[in-house]
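In what follows, chains carry the letters A, B, and so on, assigned in the order in which the sequence lines appear, proteins first and then strands, with residues in each chain numbered from 1. Heavy-atom basis, side chains included; hydrogens, waters and symmetry copies ignored.
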Amino acid sequence: MEAVPFIGIDRHRIGIDGVGVTTLAAFHGCPLRCKYCLNYRCLESPDDLPRYTPQQLYNKVGVDNLYFIATGGGVCFGGGEPLLRVDFLTEFKELCGKGWNLTAETSLQVPREAVEQAASVVGDFIVDIKESNPDTYKAYTGGDAQRAWDNLEWLIQKKGPEHVIVRVPLIPDFNTESDCDRTVAKLTELGVTRIDRFTYRVQQS
Amino acid sequence: MNRGKDICKELKAVRKRIAEENDIPLEIKECTYNGPCKGTCPRCESEVRYLENALADRLRRGKVATVAGLALGLAVSSGVKAQSTDPPAAPTSPNLGEERNGMCEVTGVVVDGRNHEPLPFVNVEVWRNGSDVASTARTDFDGRYRFSVPAGHYFLKTCCAGYETYRCELDVKSTNAEQTPVEMQATGIVLDTVTIEAVRMGLVAVTFQVQDTIVDEKTSEPLPFVNVIVRKDGRQYTGATSDFDGIFQLALEEGEYEFEISTIGYELQRISVKVPQDLPLKAIKLKTSSVQFDGTIGIIDEKIPLVDPTAPGQVHGMEVQGVQVKVQY
């Protein structure tokens with residue numbers, strides 16, 4: 001597999017990306033165009049970004065092997081959209097084996113086949129579902145809410161609610177507390193039990 | 001609260017737990033540094049490497065090394081029972097050529113040529129035509145490595161502080177093949193292992209902490225995983241490997257030493273160091289060089305840049321509770 005671009009690698013994240021000590025590996029590239037994108041670098045030119053093959057990344061993050069094994073942690077793949085690189089995830093899992101838990105921070109804005117492949121190698125998912133109202137979702141992300149929600153429904157059935165955290169943000173100028181209530185209610189109907197509800201804090205520049 | 005300090009505290013607790021569970025003597029000193037903390041530092045990293053070596057040594061002696069699940073208290077969820085890793089398997093021959101998606105998986109083991117014990121944390125590099133790095137790997141606790149490359153003819157190189165660099169040709173095919181384990185020969189006089197590790201970690205005879213950064217001469221970027229072999233009176237005394245930030249750390253007694261700094265793609269550099277007169281050391285700058293493999297010479301002009309997580313445009317921390325988003329209007 002050819003080396004793929006990453007916008008960053010961040011070690012020693014504790015309690016941020018799931019269980020234990022984790023290293024975040026953030027891919028370049030995303031299908032969405034969120035107005036308040038946190039990692040805008042994933043949308044810019046990848047020319048000057050570091051690139052790694054699964055083997056090279058495995059060697060690089062392996063420096064924290066002891067921490068991963070001792071705490072039940074591992075590598076969280078974010079981005080960007082990590083499920084756009086599902087072949088990379090599969091090859092990486094074959095390298096790291098069962099000792100490291102893999103987590104994917106995803107919008108689920110990918111074909112179902114990618115979600116299915118990812119589900120076989122990723123232990124825990126952090127799903128940024130954003131909104132249940134398709135118009136609001138479209139306005140904020142430019143994407144199709146139905147695809148994300150269909151994939152989430154499948155993922156909950158496949159992995160079980162204990163392995164899926166769903167983020168529900170209050171997005172200034174796009175939704176309201178009542179909108180978030182509706183989104184949470186819809187998630188509960190799907191069987192989601194781990195919901196992370198929070199507010200985007202917009203910083204005036 | 002300094003997030004880095006909090007992380008440092010948590011990681012320190014993990015190291016302490018591992019050491020206690022495996023009867024590994026580990027002296028953890030309180031950090032007195034008041035500046036910005038990244039959560040780790042050369043001293044913290046050296047403790048991790050020390051634990052890895054000590055655990056590997058337990059396995060070599062047929063003891064159980066318990067790591068998995070020891071520090072689940074850090075985790076968001078718990079309930080996984082601690083389990084022990086298996087004792088190391090006997091060295092086996094590399095298994096060449098399990099083809100998948102056009103790639104052939106190559107696995108093998110690196111052992112000490114004298115006693116045939118597996119060598120952990122050995123850098124393994126696979127070269128094509130003597131000039132292109134096709135893949136890299138590092139041996140695990142059991143001395144085992146694994147990488148995937150397309151079928152073809154390669155050169156295999158293994159590097160480890162305290163051992164002669166090993167090179168051989170490697171034919172990777174789509175059919176399985178047997179090959180003898182890589183046997184590395186120790187350099188110089190082999191000192192008592194326990195004594196060496198104790199001195200390295202500052203547990204017994206620490207007199208002066210020697211720390212330095214190794215960088216690329218042209219770009220000034222730090223060079224990780226560079227081997228530093230320390231000789232005294234012409235004999236190998238100890239060694240170290242630079243970390244992600246290009247930093248290595250040693251504990252040396254007063255005296256005169258010769259540092260031999262080497263890594264693939266750069267010219268070997270030797271410097272004389274008087275401890276403590278020459279401390280602190282200036283940054284060591286390595287020049288890129290040509291590398292020779294069995295008559296084929298290639299120029300190295302590529303390496304993987306390090307990522308600075310604090311630099312603009314890199315990933316920032318996201319809080320699970322109360323995410324902060326920076327927005328440019």
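- When heavy atoms are compared at a cutoff of 4.5 Å, B:Glu21 does not approach chain A at all.
- Atom NZ of B:Lys16 has 12 or fewer heavy atoms from other residues, nucleotides or ligands within 6.0 Å.
- Between B:Arg146 and A:Gln55, the closest heavy-atom pair is O-OE1, 2.8 Å.
- Between A:Val63 and B:Val48 the shortest heavy-atom distance is O-CG1, 4.2 Å.
- Between B:Ile18 atom CD1 and A:Ile69 atom CD1 the span is 8.5 Å, to the nearest 0.5 Å.
- Expressed to the nearest 0.5 Å, how far OG1 of B:Thr40 lies from OH of A:Tyr67 amounts to 5.5 Å.
- Between A:Asn65 and B:Val67 there is no side-chain heavy-atom pair separated by less than 4.5 Å.
- In this structure, chain B has heavy atoms under 4.5 Å from both the backbone and the side chain of A:Leu95.
- B:Glu10 CD to A:His12 NE2: the interatomic distance, rounded to the nearest 0.5 Å, is 12.0 Å.
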Using side chain to side chain contact (heavy atoms under 4.5 Å, CB included), reason through A:Ile14 and B:Leu11 one step at a time and then give a plain yes or no. CA-CA 9 Å; A:Ile14 301 174; B:Leu11 297 180; 4.2 Å; yes
